[in-house]
Trainee: 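First, the structure itself, so that you have it in front of you.
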Amino acid sequence: MRKNLLKLFEERWKSYRHRFVPWMVLNLRRNERTLRHVNDRTKDKSIGDGEVLGTLTSFFTALLRNDWRKQTEQLGLLPAVSQEKYLGKQNDLIGMPKVASCATMLHTLGFCIERKASSLPSAGIGVFVTEGQVPKGVTVAMYPGTVYQADEPILIQSIGNPFVFRCIDGILIDGNDKGLSKLVFRSCSGRDRFGPFCLSDSSWLTPHPENPLAVGQYVNNCSNEKAANVCYQEFDVPDVFPLELRQYLPNVNYRTDIQRPLRCVVLVSLRDINKGEELFSNYYTIVH
């Protein structure tokens, strides 16, 4: 009985210790190569927000065009110029078959990523480049989940949950696709609509997300043997982001009365990443 309790405690501790500040202070320096250093909060971005916005807008547009048959009600409410942007002149998309999201990703971004068993021992699931090549300095993935402001309750959801991402300003993103976290996201996502327009994407909770970028929570931490090839970057969705494309955003606010842009976190490539390589990030960023 005692051995079982100790084993259970050890498993819980392994998932919690990375959010226990005294443990972090004592242990982070042991693996210096796994840390990312920036000189100031304002310098914690590898690429500009405009580049992130451009990538997401371009890719989400391609996803909508690929799925236009299910979008007729939403598209019918848009101005004619917007309808033409998605459908083309005289319905150029009629007769074109729908393709898999990863195929759309490959055609639009030049690469495809998927979840597979990690190359690291006992690391569980990882994320790999399965087609094409990722160039340096582009958006590779997104970290999905419910967005909690610093003063919002997340204690129960965080118990035994290794997928809680902490932003520099204290905002938390719960990227767990199981249990209570899954229920909370579905509830918040179903709540936030604008007429027929969905404002977030809950398909990342399934094995086949509509937005294949939304697998960033499964990117594993780098090690002394496996250097980081991507880094996290915070991105606030601007008001100019098209309403009809928000259905592919894998994030939603926990509360509805937040008077600030929706926080997303993207992963940006630090170098060229070839087909077959696993993505590795730095779980910790030290701000000097």
Trainee: Aromatic rings F185 and W204: how do their planes relate, parallel, tilted or perpendicular, breaks at 30° and 60°?
Mentor: perpendicular

Trainee: Report whether F165 and V237 are members of the same hydrophobic cluster (ILVMFWY, side-chain heavy atoms less than 4.5 Å apart, transitive linking).
Mentor: yes

Trainee: Measuring from atom CZ of R263 to atom CD1 of I171, what distance do you get when rounded to the nearest 0.5 angstrom?
Mentor: 4.0 Å

Trainee: Out of curiosity, I47 CD1 to S269 OG, how far, rounded to the nearest 0.5 Å?
Mentor: 7.5 Å

Trainee: Donor-acceptor check, side chain of N220 to backbone of I125, threshold 3.5 angstrom: yes or no?
Mentor: yes

Trainee: Does N229 use its side chain to pair, donor to acceptor, with the backbone of C222 at less than 3.5 Å?
Mentor: no

Trainee: Just how far is it from atom CG of N221 to atom CG of N282, taken to the nearest 0.5 Å?
Mentor: 7.0 Å

Trainee: Side chains of L56 and M142: does their closest heavy-atom pair fall under 4.5 Å?
Mentor: yes

Trainee: Atom CG in D192, atom CG in L249: separation rounded to 0.5 Å?
Mentor: 11.5 Å

Trainee: Is it the case that one hydrophobic cluster holds both L172 and L205, taking links as side-chain heavy atoms less than 4.5 Å apart, direct or via other members?
Mentor: no

Trainee: Where the side chain of N161 meets the backbone of F163, is there a donor-acceptor pair that is under 3.5 Å apart?
Mentor: yes

Trainee: Are any of the side-chain nitrogens in R260 or D169 under 4.0 Å away from the carboxylate oxygens of its partner?
Mentor: yes

Trainee: In Å, rounded to the nearest 0.5 Å, how long is the span from CD of E277 to CZ of F128?
Mentor: 10.0 Å

Trainee: Same cluster for L183 and I156 if Ile/Leu/Val/Met/Phe/Trp/Tyr side chains link at under 4.5 Å?
Mentor: no

Trainee: Any sub-3.5 Å donor-acceptor pair from N211's side-chain atoms to Y248's backbone N or O?
Mentor: yes

Trainee: Is there a path from F60 to V52 through hydrophobic residues (I, L, V, M, F, W, Y) whose side chains come within less than 4.5 Å of each other?
Mentor: yes

Trainee: Which atom pair, heavy atoms only, marks the closest approach of S118 to A123?
Mentor: OG-CB, 3.6 Å

Trainee: Is a side-chain N or O of S181 found less than 3.5 angstrom from the main chain of D177, in a donor-acceptor match?
Mentor: no

Trainee: Could you give the distance from OG (S200) to CZ (R186), rounded to the nearest 0.5 Å?
Mentor: 11.0 Å

Trainee: Please examine the side chains of T139 and F59, heavy atoms only from C-beta on, and report whether any two atoms are closer than 4.5 Å.
Mentor: no

Trainee: Would you say T55 and V138 make side-chain contact, with heavy atoms under 4.5 Å?
Mentor: no

Trainee: Flag yes if more than 12 heavy atoms outside D239 fall under 6.0 Å of its CG atom; otherwise flag no.
Mentor: no

Trainee: Does R193 use its side chain to pair, donor to acceptor, with the backbone of P196 at less than 3.5 Å?
Mentor: yes

Trainee: Quick one: does any side-chain atom of D174 pair with a main-chain N or O of V164 as donor and acceptor, under 3.5 Å?
Mentor: no

Trainee: Taking the cut-offs as 6.0 angstrom to the six-membered ring centre and 45 degrees off its axis, would you call K226 and F280 a cation-pi pair?
Mentor: no

Trainee: Answer yes or no: is there an ion pair linking E210 with K70, defined by an N-O contact shorter than 4.0 Å?
Mentor: no

Trainee: Under 3.5 Å, is there a donor-acceptor pair between the side chain of T146 and the main chain of V252?
Mentor: no

Trainee: Keeping the roles fixed (side chain from T61, backbone from T57), state whether a donor-acceptor pair exists under 3.5 Å.
Mentor: yes

Trainee: Does P207 offer a backbone N or O that forms a donor-acceptor pair with the side chain of R115 under 3.5 Å?
Mentor: yes

Trainee: Charged N to carboxylate O below 4.0 Å: is that the case for D272 and K136?
Mentor: no

Trainee: Out of curiosity, does L53 fall in the hydrophobic cluster containing M105 (side-chain heavy atoms, cut-off under 4.5 Å, transitive links)?
Mentor: yes

Trainee: Hydrogens and angles aside, do Q71 and E244 bring a side-chain donor and acceptor to less than 3.5 Å of each other?
Mentor: no

